[in-house]
Amino acid sequence: MVEALREELADLTASVRAFLEWHAATGADGLPGHPSALHEALGASSPDGGPPAPRRAERGFAGLDAPSPPASRGGSGAAFAPPEQRSAAAAVSPPHPEQRPAAAAVSPPHPEQRSAEAQAARSPVQAQRGPEPSRPAVSAASSPRAEPAARANAPQPVTPEERVTRLALLAEEVRTCQKCPLHEGRTHTVFSRGSPLSEIVFVGEGPGAEEDLQGEPFVGPAGQLLDKMIAAMGYQRDGVYICNIVKCRPPKNRKPEPAEMATCSPYLASQLALIKPKVIVALGATAVQGLIGTTEGITKLRGTWKLYKGSIPIMPTFHPAYLLRQPSAKREVWSDLKEVMRHLGKSAPDRG
Ligand code: URA
């Protein structure tokens, strides 16, 4: 008798605890409609009704934790130090064409990675948006009971794991894309390389011969210079995210046609929407044109902040392939990259 009562009491306690956890997890009012709702809401609950598995401990993100590489002295030609470290952050790179579509495990970003608010006063976003519209006051009629419904309708933040998974799915979609004639001449699609958790995204024009062969952006000679630029900024090679306006190589390395860029642009838009970087560095005129639709030349655009979809600051600069032909332009590029670092609250190594 006492044993039966004790069991009943234990059951009751477990139910109350599960309800409280469900309530805390969902913010919902009332009771869950079906017992399985508790399991769903608690996500990692074990099938036997035990407590949810503890969340994986947050780790710093290796790509941005590393100290800046030592500054090499010299003029603008020496501005870009050789890439010193290849990062373990490759673990979050989208899968190589041969390994698709398994999504890699990721660590959440280091807290510092998302903290450049100190720069807000000089933010290019604010500069271009003008004064912030005043927020409507909360009406007296909005009762606390309306809150859970509002919360349910609000877009849910994408976790780092979801971001990686969705990007891998998108890369898979791109891999079979035949929406424009560029697919006819490709060996591989070229989706991205680097970390989807990066605060900074570099956007180029489109794959060249080497990229087409390897299925990765910026792995040819221009890519090697880009690696040096990234290292000079204090990032690890795979700690930043790199992609292109078009994902297939245009024949004979010609500039992509406006129609090809327009057809491919939803892929880039989805990449940027998932990554939500703090800054986009647009490499060359085609990249800026593909991002904001301007017809202005890169010499005029470079070094001046633009905005992507009204929210993400873009810093246009010269394409590394241009720097290979015109090394004296490295000085301007380094100045643009220092501006990016200033915006991100990172100190720029003194490179003369
Ligand atoms: N140039 C680009 O714009 N993108 C690449 O991926 C390689 C070279």
Side-chain angles (χ1 to χ4, degrees), residues 90 92-104 162-196 198 201-224 226-227 238 240-275 277 280-295 298 308-309 312 314 319-322 324:
V92 295
S93 297
H96 188 272
E98 261 77 73
Q99 307 162 344
R100 288 171 178 138
E162 280 170 351
R163 193 185 307 181
V164 172
T165 305
R166 289 197 202 177
L167 285 165
L169 290 172
L170 188 64
E172 184 56 22
E173 191 184 328
V174 166
R175 199 173 65 82
T176 55
C177 177
Q178 300 193 345
K179 289 184 181 152
C180 89
L182 289 185
H183 82 271
E184 288 161 11
R186 76 181 174 217
T187 312
H188 289 116
T189 53
V190 175
F191 186 70
S192 72
R193 73 171 221 218
S195 169
S198 177
V201 169
F202 291 84
V203 178
E205 177 177 304
E210 199 54 43
E211 289 77 19
D212 174 65
L213 282 178
Q214 295 192 32
E216 266 195 44
F218 284 99
V219 289
Q224 282 155 27
L226 179 60
D227 287 348
D238 296 318
V240 298
Y241 191 85
I242 302 175
C243 57
N244 282 307
I245 295 290
V246 294
K247 315 301 188 204
C248 298
R249 182 192 180 200
K252 298 186 182 146
N253 290 350
R254 69 157 166 77
K255 199 172 132 44
E257 299 288 349
E260 293 160 352
M261 288 162 63
T263 306
C264 215
S265 72
Y267 294 133
L268 178 61
S270 299
Q271 285 173 293
L272 293 171
L274 283 166
I275 294 166
I280 299 168
V281 177
L283 301 165
T286 307
V288 203
Q289 286 159 11
L291 286 163
I292 60 170
T294 178
T295 52
I298 190 66
Y308 177 74
K309 293 191 189 286
I312 307 176
I314 302 176
H319 194 285
Y322 173 73
L324 291 174

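Starting from 1, each residue takes its place in the sequence as its number. What you see below is based on every heavy atom in this structure, not just the backbone, and it leaves out hydrogens, waters and symmetry mates. Keep in mind that what you see is a predicted model, and the values were worked out from it rather than measured.
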Student: Flag the pair Glu173 / Leu170 as yes when at least one side-chain heavy-atom distance between them is below 4.5 Å, and no otherwise.
Tutor: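 Counting from C-beta outward, Glu173 and Leu170 do come under 4.5 Å.
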Student: Would you call Pro250 and Leu182 a side-chain contact if the rule is heavy atoms closer than 4.5 Å?
Tutor: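 Pro250 reaches Leu182 side chain to side chain.
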Student: For the CZ atom of Phe191 and the CD1 atom of Ile242, what is their distance to the nearest 0.5 Å?
Tutor: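 So the CZ of Phe191 and the CD1 of Ile242 are separated by 14.0 Å.
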Student: For the atom pair NE2 (His188) and CZ (Arg175), what is the distance rounded to the nearest 0.5 Å?
Tutor: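 Separation between the atoms: 9.0 Å.
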Student: Measure the CD-CG distance between Gln224 and Asp227 for me, rounded to the nearest 0.5 Å.
Tutor: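 Those atoms lie 7.0 Å apart.
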Student: As an exercise, state the distance from CG of Asn244 to CZ of Arg249, rounded to the nearest 0.5 Å.
Tutor: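 With rounding to 0.5 Å, CG (Asn244) is 12.5 Å from CZ (Arg249).
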Student: Please find the pair of heavy atoms, one from His183 and one from Cys248, that lie closest to each other, and give the distance.
Tutor: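 So the minimum-distance heavy-atom pair works out to CA-SG, 4.3 Å.
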Student: As an exercise, state the distance from CG of Leu274 to CG of Leu169, rounded to the nearest 0.5 Å.
Tutor: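 If we round to the nearest 0.5 Å, Leu274:CG and Leu169:CG are 10.0 Å apart.
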Student: Taking all non-hydrogen atoms of both residues, which atom of Ala287 and which atom of Gly204 are closest, and how far apart?
Tutor: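 What the structure gives for the nearest pair is CB-O, 3.9 Å.
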Student: If you compare all heavy atoms of Pro320 against all heavy atoms of Leu226, which two are closest, and at what distance to 0.1 Å?
Tutor: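 Scanning both residues completely, I find the closest heavy atoms to be CG-CB, 4.1 Å.
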Student: For Tyr241 versus Gln271, what's the shortest heavy-atom pair and its separation?
Tutor: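 Nearest pair, atom of Tyr241 first, then Gln271: OH-NE2, 2.9 Å.
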Student: Nearest heavy-atom pair of Lys179 and Cys177: which atoms, and what distance?
Tutor: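 Residues Lys179 and Cys177, closest heavy atoms: N-SG, 3.4 Å.
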Student: For the residue pair Pro221 and Leu324, establish whether any side-chain heavy-atom pair is separated by less than 4.5 Å.
Tutor: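 Pro221 reaches Leu324 side chain to side chain.
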Student: In the structure I gave you, are the side-chain heavy atoms of Glu205 and Ile245 within less than 4.5 Å of one another anywhere?
Tutor: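 Side-chain contact under 4.5 Å: no.
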Student: Return the SG to CG distance between Cys243 and Leu272, rounded to the nearest 0.5 Å.
Tutor: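 Output value for this atom pair is 6.0 Å.
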Student: Restricting to non-hydrogen atoms, name the atom on Ala209 and the atom on Asn253 that form the minimum distance, rounded to 0.1 Å.
Tutor: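 Minimum heavy-atom separation between Ala209 and Asn253: N-OD1, 3.9 Å.
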Student: Taking the side chain as C-beta and beyond, is there a heavy-atom pair between Val246 and Thr286 under 4.5 Å?
Tutor: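 In short, these two side chains do not touch, never coming nearer than 4.5 Å.
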Student: Give a yes or no on whether the backbone of Thr187 and the side-chain of Asp212 come within a donor-acceptor separation of less than 3.5 Å.
Tutor: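 Judged by distance alone, yes, a pair lies under 3.5 Å.
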Student: Could you tell me whether the side chain of Glu211 and the main chain of Gly206 form a donor-acceptor pair under 3.5 Å?
Tutor: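 Not confirmed, Glu211 side chain does not pair with Gly206 backbone.
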Student: Does the side chain of Val219 reach to within under 4.5 Å of the side chain of Leu213, using non-hydrogen atoms?
Tutor: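 They are not in contact (no side-chain heavy atoms under 4.5 Å apart), so the answer is no.
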Student: Applying ring-ring contact (aromatic ring centres under 6.0 Å, His included), can you list everything that pairs with Phe218, at least two apart in sequence or on another chain?
Tutor: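 Result, ring-ring contact (aromatic ring centres under 6.0 Å, His included) vs Phe218: His319.
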Student: If you apply the rule side chain to side chain contact (heavy atoms under 4.5 Å, CB included), what do you find for Gln214 with Val190, and how did you get there?
Tutor: CA-CA 8 Å; Gln214 295 192 32; Val190 175; over 6 Å; no
Student: With sequence neighbours excluded, tell me which residues meet side chain to side chain donor-acceptor pair (under 3.5 Å) with Gln289.
Tutor: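 Counting only residues at least two positions away or on another chain, Gln289 forms a side chain to side chain donor-acceptor pair (under 3.5 Å) with Lys255.
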